[in-house]
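These notes concern the structure reproduced below.
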Amino acid sequence: MAGTHPEIRTFLCRSDNIGVLIRDPATGACAAIDVPEAEPVLRALADTGWRLTDILVTHRHADHIEGIPEVKRATGARVTAPAKAAGAVPEVDVTVSEGDTVRVGDLVAQVWETPGHCADHVTYWFREAGVVFAGDTLFTLGCGRVMESPPETLWQSLTRFLPLPDETQVFSGHDYVLANARFARAADPDNANVNARMAEAERARDEGRFLIPSLLGVERATNPFLRSTEPALARAVDLTPGGDPTAVFVALRAWKNRF
């Protein structure tokens with residue numbers, strides 16, 4: 001893809017949150033995507049020597065924002081948060097809504113409102129860099145739990161990812177890959193790509209890695225929730241192939257809730 005190629009570092013926070021730093025090498029500007037926990041973010045900054053200029057918040061849940069005050073005190077970073085969450089996120093400097101843009105040096109992201117997991121969720125789509133920060137909307141092989149909206153709302157949010165290029169790197173907010181892979185295999189058992197992805201997830205676990213980011217092309221081929229338009233997934237939830245993919249998604253999400 002054209003444009004500046006960012007430097008990106010991922011690391012574990014809390015028990016299964018994914019911390020991310022994205023840096024523009026041209027200017028040295030650097031953003032954390034959420035701050036689930038301060039210490040791992042500060043350690044990653046120390047390890048890289050990067051200077052944090054920004055914190056981009058995807059949503060207001062405590063496991064994504066608890067470390068913000070400490071990291072802001074240490075770095076002076078500017079905190080950008082969804083306008084719909086601003087009252088619940090500490091130390092906010094800038095609020096954003098659908099259609100806004102944010103900059104990290106020369107890196108530019110479009111802001112999408114992607115409700116479903118919660119009402120205030122946003123996604124940051126760095127189009128030229130080819131990376132998207134999906135928070136708890138889209139996971140590797142899965143999607144977020146629906147908490148504040150009808151499940152149809154989350155499906156509408158997920159459909160926004162479908163047109164993105166195959167090589168888009170998708171960064172999600174948690175490492176739920178093994179549990180998601182088990183569900184994907186149950187929902188789409190004849191999909192050889194899913195079986196291969198399950199094996200890859202198990203290797204990653206054994207080697208202390210996680211499958212984040214994932215490529216959007218891989219997600220389209222393996223993530224049952226993004227595949228709600230496919231006949232095999234309709235049949236898996238006893239619906240007629242070729243019908244409304246929204247109904248397939250709703251049924252899949254209800255199945256995953258009890259899986």
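Index from 1, following the sequence.
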Taking transitive links into account, so neighbours of neighbours count too, which hydrophobic residues share a cluster with [X] at under 4.5 Å side-chain distance?
X: Leu211; value: Leu141, Val177
X: Met147; value: none
X: Ile65; value: Phe11, Leu21, Val35, Val41, Leu42, Leu45, Trp50, Leu52, Ile55, Val57, Ile68, Val71, Val79, Val89, Val92
X: Val194; value: none

After noting the C-alpha distance and the side-chain angles of Thr27 and Asp24, does the key distance pass the side-chain hydrogen bond (donor to acceptor under 3.5 Å, both in side chains) rule? CA-CA 6 Å; Thr27 64; Asp24 172 25; 2.7 Å; yes
- [ ] Go through the steps to decide whether Arg235 and Thr240 satisfy the test side chain to side chain contact (heavy atoms under 4.5 Å, CB included), and finish with yes or no.
- [x] CA-CA 6 Å; Arg235 287 191 289 268; Thr240 303; over 6 Å; no
Assess whether a salt bridge exists between [X] and [Y], defined as any Lys/Arg side-chain N lying under 4.0 Å from an Asp/Glu carboxylate O.
X: Asp188; Y: Arg227; answer: yes
X: Lys84; Y: Glu113; answer: yes
X: Lys72; Y: Asp93; answer: yes
X: Arg197; Y: Glu200; answer: yes

- Any pair with a residue in residues 41-50 that passes salt bridge (Lys or Arg N to Asp or Glu O under 4.0 Å), sequence neighbours left out, goes on the list, sorted by first then second residue, please.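 Residue pairs passing salt bridge (Lys or Arg N to Asp or Glu O under 4.0 Å), neighbours aside: Glu39-Arg43.
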query = Only one of Thr101, Thr58, Ile22, Leu107 forms a side chain to side chain contact (heavy atoms under 4.5 Å, CB included) with Tyr124, so which one is it?
reply =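 Going through Thr101, Thr58, Ile22, Leu107 one by one, the side chain to side chain contact (heavy atoms under 4.5 Å, CB included) with Tyr124 is satisfied by Thr58 alone.
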Exercise. Kindly determine whether Thr123 and Thr114 satisfy side-chain hydrogen bond (donor to acceptor under 3.5 Å, both in side chains), including the steps that lead there.
Key: CA-CA 6 Å; Thr123 291; Thr114 50; 3.0 Å; yes
Tell me whether Asn180 contacts the main-chain N or O of Thr140 through its side chain, where contact means a donor paired with an acceptor under 3.5 Å. yes
Could you check whether any side-chain heavy atom of [X] comes within less than 4.5 Å of a side-chain heavy atom of [Y], counting everything from C-beta outward?
X: Leu162; Y: Arg220; result: yes
X: Trp112; Y: Val122; result: no
X: Val248; Y: Trp155; result: no
X: Gln169; Y: Val132; result: no
X: His117; Y: Val146; result: no
X: Thr10; Y: Phe171; result: yes
X: Thr53; Y: Arg78; result: no
X: Leu252; Y: Lys256; result: no

*Verify the neighbour count for atom CZ of Arg14: are there more than 12 heavy atoms of other residues, nucleotides or ligands below 6.0 Å?*
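More than 12 within 6.0 Å, yes.
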Notebook entry, point to check: In Å and rounded to the nearest 0.5 Å, what is the CG to CG distance from Leu138 to Leu216?
Noted result: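 The CG atom of Leu216 is 7.5 Å from CG of Leu138, to the nearest 0.5 Å.
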Residue set satisfying salt bridge (Lys or Arg N to Asp or Glu O under 4.0 Å) with Arg60, at least two apart, ordered chain then number -> Asp120, Glu148
Check whether the ring centres of His64 and His174 lie less than 6.0 Å apart, and answer yes or no.
->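 Here the rings of His174 and His64 have centres that are less than 6.0 Å from each other.
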Centres of the Phe225 and Phe161 rings: under 6.0 Å?
no
Exercise for review: Check the pair Phe183, Trp255 against ring pair (Phe, Tyr, Trp, His ring centres under 6.0 Å), reporting the backbone distance first and the verdict last.
Suggested key: CA-CA 9 Å; Phe183 177 73; Trp255 182 9; 5.1 Å; yes
Next item on the list: In sequence, state the C-alpha distance, the side-chain angles, and the governing distance for Glu98 and Arg160, and then conclude on salt bridge (charged side-chain N to carboxylate O under 4.0 Å, His left out).
Entry: CA-CA 12 Å; Glu98 174 70 36; Arg160 301 192 67 175; 2.8 Å; yes
- Message: Is it the case that the side chains of Ser214 and Glu219 hold a donor-acceptor pair, with the cut-off being a distance below 3.5 Å and no angle test?
- Response: yes
Quiz item: Would you say the side-chain atoms of Asp34 and His59 include a donor-acceptor pair closer than 3.5 Å?
Solution: no
